[in-house]
There are 2 protein chains.
Amino acid sequence: MAIRIIIFEDNERLRNSLTYLLRSMPEYDVVGDYPNCREATSVTLALQPDVALMDIDMPGENGIKGVGMVKEARPETAVIMYTVFEDDEKLFQCLCAGANGYLLKKTPPDKLFEAIREVVDGGAPMSPSIARRVLNSFQQSKTENKYQLSTRELEVLQLLSKGFSAKVIAGELNISFETVRSHLKNIYPKLHVNCGKEAIAKALSERIV
Amino acid sequence: MAIRIIIFEDNERLRNSLTYLLRSMPEYDVVGDYPNCREATSVTLALQPDVALMDIDMPGENGIKGVGMVKEARPETAVIMYTVFEDDEKLFQCLCAGANGYLLKKTPPDKLFEAIREVVDGGAPMSPSIARRVLNSFQQSKTENKYQLSTRELEVLQLLSKGFSAKVIAGELNISFETVRSHLKNIYPKLHVNCGKEAIAKALSERIV
DNA sequence: ACAGTAATACCTCAATTGAGGGATTTGAAC
DNA sequence: GTTCAAATCCCTCAATTGAGGTATTACTGT
C-alpha cells in the first residue's frame, strides 16, 4: 500500500513540484498539501497520513508549532522537517517538539524519497550536517574552569548540587564544617551568585558538575 | 587520496574481513587494525587515520573508553562505532565520549562504506534505529504530575529552581512570603526531599520544571 | 448541604546559611 | 627566600529556612 503523505509548505511552486513528483510514483500518495499549519490538527486527524513533510518558515503558525500539532493529533504520523534552516536553535526546537527527521532543502529528490521510506521503517533521516550537529550536542562542552574553580571547590559544588547541606558535605569530604563554609563563600562570587540555591541552579543548568 | 582507516575489533575473522574488503577498494586504506584499545592513543598519533572503526565489547579497555582515547589524541579522526549493542546506556556513553557515527553490525558492507565516506564529509552516519533513539532522546518525557504538584506549587518550584528566595518568589507571584513558605512545605514531601536545595536538584535533574 | 482540595496567610522555634572577619599550613613559582 | 594560591579551620551576627502548628476563603464533586 502506498505511503500516505501530507505536505506543509508555503512556497506554492515547490509544494506543487513535490506533490507532482511523489504522485508520479506508485509507492507514494500525497493525500493533502497546505500552505500553512492552521488546520494541521484537523487535517492530520482527517487524513491519517503516514508521513508529514513540514517546512519551518510559513506565514501564521510556523513549522515548529506545526510539528507539535501533528504529533499531538496523531503520534504515529512521522514528521520530517524540510527546511533551509541549519541553526541549532530551530533544529533543537523541532526535535523537542517531536520531529522524526530533518532534511535541508538542498537534499536531492532521490534522497528525499529514501528518507520517506526510512522514516516509515522507524528510522530518523537527517541531512549529514544536521546529524553531525545532533551528535555534537551530546559532547558536553566541558566548561573547563570557565569560573576558575579549584579542585576542592568543584568537589564541594558537586556535592552541593546533590542537595547536600554544608554539614553533610563536610562528612563526605572528611573536612570540617567551617572549611566547607569557607569554600562555599569562595565559590559564590566565582559563579556570580549570592547563595547556595542559585549556585545549584547555575551548576546544574550549565552542566558545570 | 585514499581514506586512512584504523580498526579496533577483537573478533579476528571480522577484523580481517573488514580489512580485506576495504583494502580491495582504492578509495579506502586500512592503515592499522587492533584487537583492543590498549594502544589506541599512540597508534592514533602515529598513523594519523581519517576514520576509526570501533567495536564496543573488547577485552581490556572497551570501545567507549577507546572513543575518548582516539578523540583526545586526535580530534580530527572521525570515530564510527561498529557494534551489536543497541541499548541507550552504551549508545549515549559513546556519543558523550565523542563518537561521530554509530552503526549496528547488521549493517550491510555497502552501507558501511557509504558511512565512512559520509563521516569524512562531515556527516554522522547512524543505523536507522539508532538515529531514532537519538532523536527520541530530545522529546522531554513530560513527567506529567509524577509528583502530584498543583499548578501553584509548580510555579513556586519553577521560581525556586532559578535560585530565588522565598521573599523574591512571593514578589514574583504577588502573594505573601508566608504563603510561599506554606507551598514549599507542601512541595517537599511530594518530591520526597527535605529542603529547598534538594528540591532544586531534583527538579532540574528530572526536568520537572 | 457537605467533604475535599487548592490557595491564601500567620505564628513560633531551632537550625542552617550568608556576610564579615581572621588565621595556619603546604607546595609550587619566581 | 619570598610570594602566592589552595586548603584548612575558627568566630560572630543577621537573615533565611525547615518543622510544627492554625485558620480562612473559594471552588468542585457528591
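Both backbone and side-chain heavy atoms feed into the values below; hydrogens, waters and symmetry mates do not. Proteins come first, then strands; the chains are lettered A, B, ... in the order of their sequence lines, and each starts at number 1.
Phe138(A) and Phe138(B) have perpendicular rings, their planes meeting at more than 60° on a 0 to 90° scale where under 30° would count as parallel. Ring pair Tyr147(B)/His192(B) is perpendicular by interplanar angle, where above 60° counts as perpendicular and below 30° as parallel.
Under a 4.0 Å N-O distance rule, the pair Glu114(A)/Arg117(A) does not qualify as a salt bridge. A salt bridge links Lys105(A) with Asp55(A): at least one charged nitrogen is closer than 4.0 Å to a carboxylate oxygen.
Taking atom CD on Glu153(B) and atom P on dA6(C), their separation rounds to 7 Å, with Å as the unit. One atom, CG of Leu173(A), and another, P of dA7(D), lie 11 Å apart when rounded to the nearest Å. Per the geometry, CD1 belonging to Ile187(A) stands 12 Å off C1' belonging to dA7(D), to the nearest Å. Rounded to an integer number of Å, the gap from His183(A) NE2 to dA7(D) C1' is 5 Å. Taking atom CG on Leu154(A) and atom P on dA6(D), their separation rounds to 13 Å, with Å as the unit. Summarising the geometry, the separation between CD on Gln148(B) and P on dG4(C) is reported as 17 Å, rounded to the nearest angstrom. Between the CG atom of Asn186(B) and the C1' atom of dT5(C) there is a distance of 11 Å, given to the nearest Å. If you take CD1 of Ile175(B) and C1' of dC10(C), they are 14 Å apart, rounded to a whole angstrom.
Residue Glu12(B) places its CD atom among 12 or fewer non-hydrogen atoms of other residues, nucleotides or ligands, all under 6.0 Å distant.
Arg74(B) places no side-chain N or O within 3.5 Å of a backbone atom of Thr44(B) that could act as its donor or acceptor partner. With Lys202(A) contributing its side chain and Val193(A) its backbone, the two residues share no donor-acceptor pair below 3.5 Å.
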Which atoms of nucleotides 22-30 of chain C (N or O only) lie under 3.5 Å from a protein N or O atom, and what are those distances?
none

Interface polar pairs with nucleotides 13-17 of chain D, N/O, under 3.5 angstrom:
unit_1, atom_1, unit_2, atom_2, d
dT16(D), OP1, Lys167(B), NZ, 3.1
dT16(D), OP2, Lys167(B), NZ, 3.3
dT17(D), OP1, Lys197(A), NZ, 2.7
dT17(D), OP2, Ala166(B), N, 3.4

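Residue contacts shown for Ser176(A) are limited to sugar-phosphate atoms, with no base heavy atom under 4.0 Å away.
Note that CZ of Arg132(A) is 9.5 Å distant from CD of Glu118(B), once rounded to the nearest 0.5 Å.
Nearest-nucleotide mapping onto DNA chain C: of Asn194(A) and Ser150(B), the residue sitting toward the 5' end is Ser150(B). Along DNA chain C, the nucleotide nearest Thr179(B) and the nucleotide nearest Lys190(B) are compared for position; the residue whose nucleotide lies closer to the 5' end is Lys190(B).
Counting all heavy atoms, side chain and backbone alike, Ile80(B) lies closest to Ala115(B) at CD1-O, 4.0 Å.
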